[in-house]
Structures are given as C-alpha cells and as structure tokens.
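See below for the structure under consideration.
Both counts, for ligands and for their atoms, begin at 1 and track the order of listing.
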Amino acid sequence: MIVELKPRIYMLRTLDWERRLFDELIPLPDGTSYNAYVIKGTDEIALIDSSDIRKIEPFLKDLQNLSLDRLDYIVANHAEPDHSGAIPAVLEMYPDAKVVCTEKYKDIVGDLLHIPLERFLTVTNGSTLDLGNFTLKFIIAPWVHWPETMFTHLPEEKILFTCDFLGNHIASSEIYSSNDAWVYNAAKRYYAEIMMPFRKIIAKHLEIVGNMDLDLVATSHGLIYKEPEFIINAYKEWVSDTVKNEVVIPYVSMYGSTEKLVKYLAESLINKGITVKPFMLTATDIGELAMALVDAATIVIGSPTVLTGAHPAAIYGAYLANLIRPKAKFATVVGSYGWKGKLVDQIVSLLPNLKVELLESVVIKGKPDEEDFQKIDRLSDDIVAKHQELGILT
Ligand code: FEO
C-alpha cells in the first residue's frame, strides 16, 4: 500500500493483519504494520527502513510500483529483521544503493543479513545527507530498543522517522493516529513490552524529540502521528518516576488456596482505596500484564508450591516482570504449600532488576484459615501505609 504523505514523500505500508505474536513472545491483538518511506529528492532518492521478510512480496511490489529510476540510499534506522529483513533484496534491485546506518548497525547486520561491507555508509550523530531539495539528518539514539538505533529527521518537512520509537502494533487501513483510546492503548502496550526496560534512556531520547519542531512523527509500525504531542505526552508519563496507586497481582493457583489469599487481599485493598489489577497467569495476555506494570506502585506475585518450589507460571511471571523492569516501588509474594516450600526466595531471586522494597510475604500451609487472613490484613495495611508515604493514597 503506497500513501503519498506529502509531495515526493511516500509511505510504503505493509500490513500484517494476521500476525498474532512477535518474537514468539509478544501478543499482537491488532496485528501490526511495517512502515517504510521513500523520499524523492530532486537529486537523490532514499528509502527509510524496509519490511519484515514475511511480507517481502507486497513490500517489493509497492517499491516497484513507485517506478523509481534510481535509489541512492537505504536508511536503516534499526537492524531488527522486521525493518531490515527486506534490505538485501532492495540492494539487489538497486546495485548502486548504499545502506546508511550507524557503525553498530553495520556490526550487527553483517552477521544477521550478510550484507557486503562496501554497501554500507555509516553516519554519526548530526550527520546529514543532501538529497537536493531535501536533507536527511541523523540522530543517534541507541537502545530503542537495540544498541544500533537512530532516528532520521527531514527538517524541510518537519518529519521525524523514529522506527520503533513511539510506535504501536496496529494493522489498519487508517494512516494517522486520531488520538483515541485505541492508539493510546496499543502504544502503551508497545512501550511496556519493548521500550520499558530502557526507560531512563528512552526519557533522554524523548526530551530530544519533545524539543523538536515536528509536524509528523512517522514510526515504522502502526499509525503515525500528525499531532506528535499526543504520543510524546503519553510517553512522558510512562517514563517518569511517578507511580500510581495501583497493585498488580500476577498469580496462579492449583487448588484454590493461593487464589483465596489473592482475592481476599484484592478486596481488602480495593476497600481501602487502591486500584487492584489481578492477572491469572495461566490465562492472561502478557501484554495486558505488561501494560499494568507500567504504572503500578506495588507488585504482589501469587504462587502455590509445586514439589518444593514456585509454580512454573509464577516463575514465568516473575521472570517477565524482571525483564521489562517496571518502576514499581514495592513487591512481595503470597502463596501456599502442602508440606514444604521455598517459593519466596525463589521468586525474589528472579527480580534483581526491580528497584523495589520487599514487603513481608505471606505463605501459608494448606487452605487459608482465620489466622492466615489476618496476615493478609497486615500485608494490606503495609501496602496502604507505603502508598500513603508516597503520597499516592490519602
Ligand atoms: Fe520493530 Fe525492534 O523492531
């Protein structure tokens, strides 16, 4: 699908409606798109990013339909195969084209796509390419979300091509975000799953982008932004150190004991004015869990004991939370066992990336009784007190 965004500036939008999983990990409820861009300067022509290899045919067809008589540059903002996968095929189509990228990109892609070294043109922060009536200016922005990433600025038209940064996984015939909840949620899911582990670095890049005079933020996934402040303001909140008066409870239960503790705790916290988001780990969409972790002040992981350790689903939940590094301030474990258990130590050992204060855990033997529920009452009071100390609960 070719969209003329402005005279001589085209979007090649390859829709992947049916994709439901990214990296065999991340759920894609709305599919995704791979957005590439062609900038037809009066002297030279550049392609920005390409497509995932799984959609190479429609992408190359769009490129051919543009009937370019030359292609001088393929600007590669990011090495991951969903944007770089089609580059070797484009290099074959245009034997004089160079891949414009960071030095780190060259290092990564040399192994990933086997592009000959002489086809690369590396750039540094602030480097420019003169296309005639257009200029491409490069902003090196590492760890969005790989180490080689950069943004490409087209100052004459106030467009910033950010690749993954500020993106959303949406396959749609619509082009532009219309500021609705749909795009906000998709962008938050995207941030939670992909960008949150790099929150501090993302905040720095966000400051740079936020200070630019932009009419369009053109991402390489999903809908693009004619009103960049919509997504920039959303990101400012997500990357900030501020947490919300929320408790996220990823849990799993085998015979109902852990579930009883979780439900009792949830009800107690709700009654005290705290928003609670429980996620039953064997059935949950992990994207929803990741989104909840963007804001929450407290994480409570619930698990029964399998043999002598935590349930594998709880291990997965803890590992995932550690991987995406939410900004939560407090964490603890609730759970149960039949004859023996070490699940707290095991789960806590999986959370080294979380900068949290550990609250007193509650792990009980068998089915909870009155004394066990009193322990949950104390945990609930602890959480309330911590949230009050932070000033997020009055
Ligand atoms: Fe859309 Fe990091 O690739």
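Here the protein contributes Asp82 OD2, His83 NE2, Asp164 OD1, His221 NE2 as N, O or S atoms under 2.8 Å from atom 1 (Fe) of ligand 1.
Trp339 belongs to no hydrophobic cluster, as no Ile, Leu, Val, Met, Phe, Trp or Tyr side chain comes under 4.5 Å of its own.
Between Lys263 and Glu267 there is no salt bridge, since none of the side-chain N atoms of the basic residue sits less than 4.0 Å from a carboxylate O of the acidic one. A salt bridge links Asp52 and Arg19; the closest N-O separation between the charged side-chain nitrogens and carboxylate oxygens is under 4.0 Å.
In this structure a side-chain-to-backbone donor-acceptor pair under 3.5 Å is missing from Ser33 to Ala171.
Atom CD of Glu18 is surrounded by more than 12 heavy atoms from other residues, nucleotides or ligands within 6.0 Å.
A distance below 6.0 Å separates the ring centres of Phe165 and Phe151.
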